[in-house]
Engineer: 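Dropping the structure in here first, questions after.
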Amino acid sequence: MAVVLDDFNFETVVIAQDLLNAGEECTQRGLNFTAKWLAEMDFAVTQKLDPDVADSLEYQQPKRKGRARYVLAKKYLDVKEYSRCAHYTRGSKDQVSMFLHYYSRYMAGEKIIVEDESDKSSETKIAHLKLLHQDLGRLRNTAQWDGYLCYLHGLVLRKMDIPHALEVLQDAVNLTPLNWAAWLELANLIKNSEMLSQLKLPDCWMKYLFMGHILGELHLDEAALSLYEKLHQGVFEHSLYVKSQIAKIYYSLRDGIQAATKFSEIREEDPYCLDAMDVYSNVLYVQINQPELAQLAHQAFAVDKYRVETCCIVGNYYGLRGQHEKAVLYLQRALKLNPHYSYAWTIMGHENIEMKNSNAAIACYRKATEMNMRDFRAWYGLGQAYEILKMPLYSLYYYRMAQSLKPDDSRMLVALGDAYDKLERLHDAKKCYWKAHCVGDLECIALLRLAKTYDKLKETDHAAAAYCDYLRDSEKQGSGEGDEHHGQAYLYLASYYLSKGPQFLDLAREYAQKCVEYPTTLADGKALLREVAQRCQEENSRDQNSIFHSRQPLRRVGGEDSLNLVFTP
Amino acid sequence: MAARDSLPLTSFKLGYDDRVSPFKIAVLVFIREYCTARLAQLGMSPHSHYNSIPPFSSQQCKDFCLLSLELIQCYDVTWEDFEIILEPGHYNLSTKIISEFTRSLHQIVKDGASGLLDLGESLEKLLMEPAKGKPMIRRDSVLGIFIRKMVLQLDRMTFEGTVELSSNLATYLDKSNKSEDPLELVQVSRKQAELLVSQQLTMLQRNESLAHSPVNLQKIIDRILHENKDFAEANFLAHLNEMRCQDFSQAEKRLHQSYDQGTISIEGLIHSKLEDNLMNNKTFRHASLNMAFLHASFGHHELAVTALCETVALSGEAADHTCLQESLAWFCHLEENPEMRLKMMERLVTKSSESNLHYLASLGLAMWTQDCALAGVEPKRIFEYLHTNDVANCQHSLTDMTITCLALRAAIWSFYGYPRNALQVSQLLLTLHTGDPTKGNIYYNNEHMHMAVCNIALHLSRQGRYTDAESITKFAAGQYANFQQHSQIWKMTDLHVAFYRTLWLGQWDKAELIISQLAVFNRSESLAKMAHLMLCKGDTCQGKSVLNTLEERLSNVKEPSNHRMPNPGWRMGQKLRLQVQSMMLRSVLLSSRQNFVEALLQISQALDICKKHHMNLQLALVGMQSAEIQLMMNFTANALDLVRKHINIIYTHGSLFEQGMAIFLLARCLLAETGTKTCDSMEFKSKKAEIFPLLTRAKRIFNQIEAFHHVKDVIFLEALLYNHLGYEKERNTRAMVFKQLDELYPLRTSNSIQIFIGL
């Protein structure tokens, strides 16, 4: 899904004005998190403007009846007295007050649910949602209907798991394209790129930010990255949000170094920011950067110890130190703070795998997938857990799910190939390994596995070619020179050439000599060398005999004339 | 079998169940009102409301007890439904009580939290206050326990809980707030959901027609899952439901979901220590076994075997004999090679009986019996096995297996060519008392019952009672409308009968249409019928090519099966039957091309198969076919001998059609014999006269089964004979009848050789 950015010709001043207006509108309606996000963006965009121009921008406050009533209600909302707010705005005809009325009713219901969750009652109560749904449905097609009310309606529908929500939220973003919360809710409902391509979206600059977000969510990382890069080079140069999104995508693309650089830049600029820092902790975990992670954990704890991100960071830190029980403790805390935080469920699954508790891991991962269907790590984890339990048929299913979410990730493909291999479906395994190699396999495992699969299928020529490629690629990357796999590869090649005939004896010797360099294949290498020497002697004596009988040219030695190993599976 | 003992286990947490719902409050109030009234009648409490009413009759007391029991056990119903239950007609209750009940419920709503608290107190009084020295409700009775539990819950409730309950009660009683889905308003507690799920599971296993329809069941499950996200059994039920609808991908998804959740409790993950989450590998073994079941039922043979291997590896590690034997049973089911099957079954039976796994032993023995019967073991041995099995089933009260064995017995009888005995067993099966009063008294109504019903329909058709048969098929269609995976049984029976009926009427086009419908369910069967049709039409060319395809298909060891994988025994039985039929058809084809030598060779091969497998009726029919061909060859004496040899078994067990055909053949043989032997005209005439009763009988039979195509043949022969004997008047009447019939049932082409394959 390529998003053409050439038509991104919005003027910076317009964007700044939009952000200012939207920020005010959201503040008036009590959508504080959206207002915060908009303010951040506004701050970033304004830095690109001439200070005079920036100062000249201002929000045109529309005339409003019943100001005193509105202000009272708003204050009640601000101090979280939702029912009171709803009471004072009942029957109001003003758009903003109406929104306040319904929004406060919604918040009142949510507050009760959250409070009850601590009482461990599992039944979700949707009575208030139903009433809201009825009332908002009635308001539709009236003069007061606007994008914010539409957004609220969509939110209610989404909470009730009604498919109609997609349509309503789409209307909401078309009516008020500057309401970022509506975009985010819409993104939650999109399951694949087909759904995305069928959406009718307004022609607004906000669309590009949404596209970046959703492409990232759908793991279409390359497209998302190029989009964000362009945004970053343009108007949103100073936006920390865009920067953190870029960092996240680098992490998803397994470019840990770039991701870490971006994140550390963000931290330098805004040391008290905790948003997306859980991803940073993951990056550091993968890089095994313990000191940095320790520092991050320390600071996060200082900023706010009851944020899920903080708990997650600390969990990651303990995990890296190998103190898995403590890690789980902190992840449990994160989940107590927010049971819908799928990230923590996934990490908890990883920790349980480390502690060899597959059952718990399975339950955690399953929970994570329920929270977020697109979490390929959780699906992959489920596959691993079942693999540990020696149930390859089950793990196959999960690896397939993971692979379909991330079709171009070699790790998924290799895992899928391994599962097929265990089920003795070698031809399928072969396809997976080959594809893994084609999409760019960083660890060079795919070629090695491919070679072994060819060997099992008795396709020796292909196997030898795959081993050759494996050796070449891994040498190119300079990884693991002393790796035992290399020894095995050399061993295989040596015996392959030995069996191939007298003209390849030199190659066989060459490979056998390399075998000797590795401790695991030392003995085999030596045996092979002896055999090569013996064969050479036999050949020499035969050659000498044959020279007298026939005038055939002596055998040529060299790589060019060796077998033409066309490498196609 | 898959659903037995292999449910994923959700770690069930106390505290979820017995939540006080508005419905429960209503039940409590109802009980209280009754008790107060009763106390007033006994003079124990001078209550103003009840002093005037007459004492309850014993029927009223009994009805109250039954109703309250049901109300305690059922899941929450809406207030409207509750009112309907209380309406006169369902239960015999005093109207005064009902009006008082409604009044005091509304009073409680009005009073709010205090009303609820008062209710708790008054209930406790009922348990303690003496009525003639005894409390009104005993503490250890069903009602007592229920009330104590509820009072405990009410006591335990915080103030906000009580307030919430009272507001919920108000919404519950509020009729203005109606939703589109009546189920939406009521809450289902965890325990009620569990009851619902286990009831539906039992019904799916025993009597699918009692369970909810797939769509409704899915809706219910969705609702349960919406409230209890990590309820593994519900997901498992959804999995079985998807299997009913033949939706593989959803079924697979649900299976994974249910076993992922079934491992440990999610609550435990957040709130408790890790030691609580002990390894529970039994679940995984069953997960694997169920995966095998899933693949097997969708015909993924290799995947099923892989899954079974996995199960064996897992259970071997854990030394779980039960699981090992269950997998062995599945291996037996999936194995194609008859010798291997027998070996594995022997092992299964011995091992299972050693480890006291009676169900599996019995199942193994049934499979063993079936395979032995198909392999041509002596019938007396087979019936001995069946008897042993019946005794074992009786001893261990395996109702499920008793049904299976009876179905097997019926199948074996009809395989041996004794359809009457098969019918008897089928009827026995249908009248069997299979309900278990301790388990909800659900009668079994599964695939075997369905087969038995179809058997009876088939038998009636064989006797020419088509309307009766049709009504039975209709019954089966209605009864098994939700059995999507088994619906093909009655559909196939219906098509089978319809095919022969149209064939006998000479409606070739219609018959062809039926064959194309049949091909959806059973390709081999449809090919055999197609060949039959082609030969009847006299289209030997096409007939030959169809026969070739059929024979190729039959000789293939691994027959490409249709979507579902049928029982291998059933497949082997069908294969034998079709082999014999194809040989008979081949011999007809060859003799119509005057290649009698090869035709008789085919016949003798078919005879061999029938003899080896003790298929008596089939043997007689092949003998008849042989006689028919020899009659064509003018080996009259031979033919007559053969007919006389085999006709008795056809008289006793053959269908009307087969009897008619045999009689007609006998008549023709006798006629041919007189033609060859004597020249004396008187004797000739008297001999010929003997044939007329036979022909009349054949005609009557053919008329009865509406085989007008064959009636025409008989009439034609009669006319010829009368002509030969010089009875011109009779000849003319016959000719006229023939003409009339021919106008009604015209035939474009036809074959001169009779084929002895029919209903």
Side-chain angles (χ1 to χ4, degrees), chain A residues 112 115-116 119-127 130-131 134 160-161 324-325 328-329 331-336 339 344-345 348-349 351-352 355-367 369-371 379 382 385-386 389-398 400-401 422-425, chain B residues 13 15-16 19 158 160-161 164 167-168 171 177 179 184-185 187-190 222 226-230 252-253 255-257 259-274 276-281 283-285 287-288 291-292 295 302-303 306-307 309-311 313-314 317:
Chain A
I112 289 169
E115 281 168 359
D116 282 1
D119 289 346
K120 288 195 226 166
S121 86
S122 71
E123 279 153 25
T124 35
K125 294 184 189 70
I126 52 171
K130 268 185 206 156
L131 284 177
Q134 282 170 2
M160 288 165 73
D161 283 338
H324 301 296
E325 284 85 358
V328 168
L329 206 68
L331 291 169
Q332 279 175 345
R333 184 191 276 190
L335 289 170
K336 268 183 209 169
W345 280 114
M348 189 134 121
E351 295 301 329
N352 275 313
M355 290 191 294
K356 309 244 174 343
N357 187 349
S358 313
N359 300 37
I362 286 171
C364 291
Y365 285 133
R366 172 52 83 175
K367 203 77 189 161
T369 59
E370 270 164 24
M371 304 288 156
W379 288 112
L382 271 172
Y386 275 106
L389 287 168
K390 293 183 199 151
M391 294 169 76
L393 207 56
Y394 268 74
S395 63
L396 177 68
Y397 173 82
Y398 294 115
R400 271 212 309 260
M401 293 294 280
K422 284 209 180 104
L423 290 169
E424 310 257 309
R425 286 160 71 177
Chain B
K13 287 217 114 187
Y16 275 129
R19 284 169 56 82
T158 50
E160 58 258 40
E164 196 191 319
S167 70
N168 281 350
T171 8
N177 180 16
S179 155
E184 252 179 49
L185 273 178
Q187 293 177 337
V188 178
S189 79
R190 181 61 177 245
D222 282 346
H226 195 258
E227 280 164 21
N228 309 289
K229 278 227 159 57
D230 49 337
E252 192 186 19
K253 190 178 139 195
L255 181 66
H256 281 96
Q257 221 167 356
Y259 278 103
D260 287 347
Q261 292 168 337
T263 50
I264 43 173
S265 94
I266 291 293
E267 286 292 313
L269 276 179
I270 310 186
H271 296 288
S272 69
K273 284 186 184 144
L274 286 158
D276 298 349
N277 302 319
L278 291 170
M279 291 292 263
N280 181 12
N281 276 333
T283 330
F284 290 117
R285 293 196 286 279
S288 205
M291 179 67 104
H295 282 302
E302 281 168 25
L303 280 173
T306 319
C309 291
E310 234 173 82
T311 320
L314 289 172
E317 237 170 61

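Heavy-atom basis, side chains included; hydrogens, waters and symmetry copies ignored. Naming convention: chains lettered A, B, ... in sequence-line order (proteins, then strands); numbering from 1 in each chain.
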Engineer: Under 3.5 Å, side chain of B:S288 to main-chain N/O of B:F284, donor-acceptor pair present?
Structural biologist: no
Engineer: Using heavy-atom distances under 4.5 Å, tell me whether A:Y365 contacts chain B through its side chain, its backbone, both, or neither.
Structural biologist: neither
Engineer: For A:M371, what residues pass the side chain to side chain contact (heavy atoms under 4.5 Å, CB included) criterion, not counting sequence neighbours?
Structural biologist: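 Once residues adjacent in sequence are excluded, the partners of A:M371 under the side chain to side chain contact (heavy atoms under 4.5 Å, CB included) criterion are A:H340, A:S342, A:W345, A:K367.
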Engineer: Need one label for A:E370: side chain, backbone, both or neither, based on atoms under 4.5 Å from any heavy atom in chain B.
Structural biologist: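 Just its side chain gets close to chain B.
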Engineer: Short question: side chain of A:Y394, backbone of A:L389 - any donor-acceptor pair under 3.5 Å?
Structural biologist: no
Engineer: Which region of A:L331, side chain (C-beta onward) or backbone (N, CA, C, O), has a non-hydrogen atom less than 4.5 Å from a non-hydrogen atom of chain B, or is it both or neither?
Structural biologist: neither
Engineer: Taking side chain as everything from C-beta outward and backbone as N, CA, C, O, which of these in B:A307 sits under 4.5 Å from a heavy atom of chain A? Side chain, backbone, both or neither.
Structural biologist: both
Engineer: Among residues at least two apart in sequence or on other chains, which ones pass side chain to side chain donor-acceptor pair (under 3.5 Å) with A:H324?
Structural biologist: A:E351
